[in-house]
Amino acid sequence: MAAPGESGGEAAFARRIDPEREPGLSPEQRQLMAQVERAQRHRALQRRLRGRNTLLALGIGAVAVGIYGYTFYSVSQERFLDELEQEAEAARARARARAESAAT
């Protein structure tokens with residue numbers, strides 16, 4: 001939809017201009033346009049980096065939670081404390097048996 005009186009099928013707001021070749025722009029206007037373009041590029045870069053940083057943080061968090069969960073799982077599977085307790089109980093039983101046999 002072209003604005004009335006324009007040819008080429010582009011509206012005035014969609015037309016891109018080159019500040020260096022545009023007649024009637026003062027150096028201050030050209031400088032302001034360049035500054036605005038730099039600010040827009042900087043915002044776009046920040047938006048892209050924010051998304052990447054979020055994905056990275058989620059990935060690192062997932063790895064940390066996975067390691068934490070695996071550690072709890074593997075520790076719950078270990079029975080070495082139970083085995084030590086059984087050995088200690090057997091040693092106490094042997095000591096009591098020796099003490100009873102020595103007492104009689």
Side-chain angles (χ1 to χ4, degrees):
M1 302 259 266
E6 288 190 16
S7 61
E10 289 186 8
F13 64 87
R15 190 173 59 105
R16 188 166 176 89
I17 63 167
D18 183 11
E20 298 300 320
R21 294 189 295 167
E22 187 70 23
L25 288 178
S26 68
E28 292 83 19
Q29 288 173 327
R30 288 186 176 127
Q31 183 181 7
L32 180 63
M33 289 176 71
Q35 183 180 359
V36 168
E37 286 180 3
R38 278 193 303 273
Q40 286 175 341
R41 273 190 241 113
H42 183 69
R43 275 193 300 267
L45 178 64
Q46 281 181 332
R47 201 171 21 248
R48 197 170 355 141
L49 288 177
R50 190 176 305 124
R52 289 180 186 172
N53 288 344
T54 302
L55 287 175
L56 181 63
L58 289 174
I60 291 172
V63 168
V65 167
I67 291 171
Y68 189 73
Y70 176 75
T71 301
F72 269 100
Y73 174 75
S74 65
V75 167
S76 70
Q77 297 296 317
E78 293 178 1
R79 303 285 185 227
F80 68 92
L81 291 177
D82 296 339
E83 293 170 4
L84 289 176
E85 187 62 38
Q86 289 172 354
E87 290 175 14
E89 186 62 39
R92 281 189 222 112
R94 285 192 300 268
R96 269 183 289 206
R98 271 188 260 132
E100 289 175 1
S101 65
T104 55

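Values below: all heavy atoms of this structure, side chains included; hydrogens, waters and symmetry mates excluded.
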Q: Give every residue pair that meets the salt bridge (charged side-chain N to carboxylate O under 4.0 Å, His left out) criterion with at least one member in residues 37-63, sequence neighbours excluded.
A: Glu37-Arg41

Q: Mind checking the CG-CG spacing from Asn53 to Leu58? Nearest 0.5 Å is all I need.
A: 11.0 Å

Q | Nearest-0.5 Å distance, CD of residue Gln40 to CG of residue Leu45 | A | 13.5 Å

Q) Is Val63 isolated, or which residues cluster with it under the ILVMFWY side-chain rule of less than 4.5 Å, directly or via members? A) Ile67

**Q.** Qualifying residues under side chain to side chain contact (heavy atoms under 4.5 Å, CB included), relative to Glu89, sequence neighbours excluded
**A.** Arg92, Arg96

Q: Please work out which of the three classes, parallel, tilted or perpendicular, describes the rings of Phe72 and Tyr68, given edges at 30° and 60°.
A: perpendicular

Q | Met33 to Leu25 - nearest heavy-atom pair and separation | A | SD-CD1, 4.0 Å

Q.
Taking Ser26's backbone N and O only, do any of them form a donor-acceptor pair with Gln29's side chain (distance below 3.5 Å, no angle check)?
A. yes

